[in-house]
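A short write-up of the structure that comes next.
Everything numeric in this text was worked out from a predicted model, so none of it was measured.
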Amino acid sequence: MTAEAIRQRLEDSGLRCTSQRYSVMSFLMSHHEHPTAAEIYEAVNRVDPRLSRASTYNNLRDLVEAGLVRQVAAEGRAARYDAKDQQHHHFICDRCGIVEDIDFYAVPAPATGSLGKRVIRDCELIVRGLCTHCAPKSRTKVLAKSSKATTH
């Protein structure tokens, strides 16, 4: 995505295009590994040392509230961030915590009025389980345990 396109996305969402906000958004648009706020701060701060840890967190909050960035939370782990450039869902591995993009499937929003006076901002799908790297390890441990149980 070009610098002008990023500036336009920020302005279209009602956010001022400050140099710090632009740096955070630009980093997220070019990195699809779902970094944590600390990882974003470290990477962007190397390029722009004026960016403080607090302004990184504040800009991430503003970008999430504006709907430009998604915060993906995994229990017991640091939240990860993802620029919303294409519609997709996420898979989170229970063992290693990796967050992976998965294809988009239409998720029906709750029926109007079923949530009382709540206002829905977004409806997304998060799939949890074991990633392709961790799943074989799990099967090996299960097989080892079952073979020990049958030999005794």
Checklist entry - Transitively linked via ILVMFWY side-chain contacts under 4.5 Å: Val24 with Leu10? => result yes
Checklist entry - What is the minimum heavy-atom distance between Leu51 and Asn45, and which atoms define it? => result O-ND2, 2.7 Å
Checklist entry - After noting the C-alpha distance and the side-chain angles of Tyr81 and His34, does the key distance pass the ring-ring contact (aromatic ring centres under 6.0 Å, His included) rule? => result CA-CA 5 Å; Tyr81 294 88; His34 306 89; over 10 Å; no
Next on the checklist: With heavy-atom distances below 4.5 Å as the criterion, would you say the side chains of Leu15 and Asn59 are in contact?
Outcome noted: no
Item to check | Straight-line distance of Ile98 CD1 to Cys93 SG, nearest 0.5 Å | outcome: 7.5 Å
Next on the checklist: Starting from Tyr22, can I reach Val47 by hopping between I/L/V/M/F/W/Y residues whose side chains sit under 4.5 Å apart?
Outcome noted: no
Checklist entry - Does one side chain, of Ser52 or Ser55, offer a donor that lies under 3.5 Å from an acceptor on the other? => result yes
Checklist entry - Got Pro35 and Leu28 here, is their nearest side-chain heavy-atom distance under 4.5 Å? => result yes
Item to check | Inter-residue atom distance Ile6.CD1 - Ser26.OG, 0.5 Å rounding | outcome: 4.0 Å
Checklist entry - Is the closest basic N to carboxylate O distance between Glu33 and Arg80 below 4.0 Å? => result no
Checklist entry - Are the side chain of Asn58 and the backbone N or O of Ala54 linked by a donor-acceptor pair below 3.5 Å? => result yes
Item to check | Side-chain (His89) to main-chain (Leu125) donor-acceptor, under 3.5 angstrom | outcome: yes
Next on the checklist: Using the rule side-chain hydrogen bond (donor to acceptor under 3.5 Å, both in side chains), only one of Gln71, His31, His88 pairs with Asp82; which is it?
Outcome noted: His88
Checklist entry - Hey, are the side chains of Thr56 and Val44 touching, using non-hydrogen atoms and a 4.5 Å cut-off? => result no
Checklist entry - Is there any salt bridge (Lys or Arg N to Asp or Glu O under 4.0 Å) pair reaching into residues 96-105, and which pairs are they, with sequence neighbours excluded? => result none
Item to check | pair Val64-Arg70: side-chain heavy atoms closer than 4.5 Å | outcome: no
Next on the checklist: I need the Ile92 CD1 to Leu130 CG distance, nearest 0.5 Å.
Outcome noted: 13.0 Å
Item to check | Same apolar cluster (I L V M F W Y, side chains within < 4.5 Å links), Val72/Val69 | outcome: no
Next on the checklist: Measuring from atom CD1 of Ile126 to atom CZ of Phe91, what distance do you get when rounded to the nearest 0.5 angstrom?
Outcome noted: 12.0 Å
Checklist outcome for this item: Closest heavy-atom pair, Tyr57 versus Ala38, reported as atoms and distance to 0.1 Å, is OH-N, 4.1 Å
Item to check | Any pair counted as salt bridge (Lys or Arg N to Asp or Glu O under 4.0 Å), so long as it reaches residues 4-22, sequence neighbours left out | outcome: Arg21-Asp62
Next on the checklist: Can you give me the closest heavy-atom contact between Arg128 and Ala73, atom names plus distance?
Outcome noted: NH2-O, 3.8 Å
Checklist entry - OH/Tyr105 to CD/Glu124 distance, rounded to the nearest 0.5 angstrom? => result 15.5 Å
Next on the checklist: Is the shortest side-chain heavy-atom distance between Ser19 and Arg50 below 4.5 Å?
Outcome noted: yes
Checklist entry - Can you tell me how far the CD1 atom of Ile40 sits from the CZ atom of Arg53, to the nearest 0.5 Å? => result 12.0 Å
